[in-house]
2 protein chains.
Amino acid sequence: MRLPVRRAMEVCPVEVAVSVLGGTWKLTLVKHLLGGTRRFNELGRLVPLANTKTLTRQLRELEEDGVVRRVVHPEVPPRVEYSLTELGRSLEKIVLAMDTWGAAFAQRSTDRRGRTVDVP
Amino acid sequence: MRLPVRRAMEVCPVEVAVSVLGGTWKLTLVKHLLGGTRRFNELGRLVPLANTKTLTRQLRELEEDGVVRRVVHPEVPPRVEYSLTELGRSLEKIVLAMDTWGAAFAQRSTDRRGRTVDVP
DNA sequence: CCGCATCCTTTTTGATACTG
DNA sequence: CAGTATCAAAAAGGATGCGG
């Protein structure tokens with residue numbers, strides 16, 4: 001992860017996508033943001049295993065890469081809203097495909113407890 | 001990355017996919033294996049930034065997760081062939097979507113050298 | 001409420017050299 | 001050819017406390 005775009009492109013476009021999206025929670029964050037604008041702590045509740053530090057950094061990286069937009073409302077108490085840019089929304093197909101695949105994988109690894117391996 | 005499937009499922013199916021596919025070179029390896037069976041050093045040439053140790057571990061993890069099949073031919077010199085299982089081939093849509101997205105992202109970050117940010 | 005700072009631990013990746 | 005061993009570095013993750 002975090003390979004500069006230039007280097008990644010030398011290898012493969014897939015590597016570019018991995019270096020942008022490869023953080024542990026990034027694609028899950030994008031998935032939730034596909035449902036609309038979310039506040040910081042709201043995202044924290046949706047992704048309960050990530051702590052605030054990790055959450056902040058991943059959101060900032062997504063912001064730097066133009067996937068997420070962050071809007072600070074100058075109020076007390078503060079309100080910070082995250083949403084997807086157009087680039088971020090263009091990830092919808094990938095996110096949904098991974099959601100489906102992940103669910104199938106989980107199902108499969110629940111099923112096969114002590115069974116023989118696949119013969120293609 | 002490397003969150004156990006059970007834990008990942010508590011958060012989101014996307015997290016399951018990320019924990020299986022999240023290694024730095026895994027999706028690129030899968031992409032190359034979509035083109036057919038490949039030998040170890042052949043994959044090493046296709047992914048020149050990964051060293052043999054990293055390559056080995058990622059391939060083994062993909063094997064453990066049922067994505068890749070590894071066949072050792074007992075010859076001298078040794079020949080070890082990697083290919084995708086059915087589960088691995090089911091990643092085709094995801095890999096191609098990421099390939100496309102990564103190429104567009106690279107294009108975009110080449111384009112915008114000192115331009116204004118997007119207004120959705 | 002939204003984080004940043006600090007300090008610390010764990011995981012992942014890498015360079016290099018060497019073996020069956 | 002296809003790795004493993006060793007050593008080293010970096011990246012990521014986490015707990016806790018403070019500040020605007």
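Keep in mind it's a predicted model, so treat the numbers as computed, not measured. Throughout, a chain's letter reflects where its sequence line sits, starting with A, and its residues are numbered from 1.
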Within the structure shown, what part of the strands sits under 4.0 Å from [X] by heavy-atom distance: base, sugar-phosphate, or nothing?
X: B:Asn51; result: base
X: A:Thr52; result: base
X: A:Leu49; result: sugar-phosphate
X: A:Gln58; result: sugar-phosphate
X: B:Trp25; result: sugar-phosphate
X: B:Arg57; result: base

- Item | From OG (B:Ser19) to CG (B:Asp65), nearest 0.5 Å | 7.5 Å
[atom1] of [X] versus [atom2] of [N]: gap in Å, rounded?
X: B:Leu29; N: D:dA2; atom1: CG; atom2: C1'; result: 15 Å
X: A:Glu15; N: C:dT13; atom1: CD; atom2: P; result: 11 Å
X: B:Leu46; N: D:dA2; atom1: CG; atom2: C1'; result: 16 Å
X: A:Leu43; N: C:dC1; atom1: CG; atom2: P; result: 14 Å
X: B:Arg2; N: D:dA11; atom1: CZ; atom2: C1'; result: 16 Å
X: B:Glu61; N: C:dT11; atom1: CD; atom2: P; result: 12 Å

- State whether A:Glu42 and A:Arg45 are salt-bridged, where the test is any N-O pair (Lys NZ or Arg NE/NH1/NH2 against Asp/Glu carboxylate O) under 4.0 Å. no
- Output yes when A:Glu64 and A:Arg60 qualify as a salt bridge under the 4.0 Å nitrogen-oxygen rule, no when they do not. no
Tell me whether the side-chain N/O atoms of [X] come closer than 4.0 Å to OP1 or OP2 in [N].
X: B:Tyr82; N: D:dC1; result: no
X: B:Arg70; N: D:dG3; result: yes
X: B:Thr24; N: C:dT13; result: yes
X: A:Arg39; N: C:dC1; result: no

- Query: Taking for each residue the nucleotide of DNA chain C bearing the nearest heavy atom, is the 5' side occupied by A:Leu59 or by A:Lys53?
  - Reply: A:Leu59
- Message: With nearest nucleotide decided by heavy atoms, which residue, B:Gly23 or A:Pro78, maps closer to the 5′ end of DNA chain C?
- Response: A:Pro78
- Query: Between A:Thr37 and A:Glu81, is a side chain to side chain donor-acceptor pair (under 3.5 Å) present by the stated rule, with each step listed?
  - Reply: CA-CA 6 Å; A:Thr37 299; A:Glu81 294 188 321; 5.5 Å; no
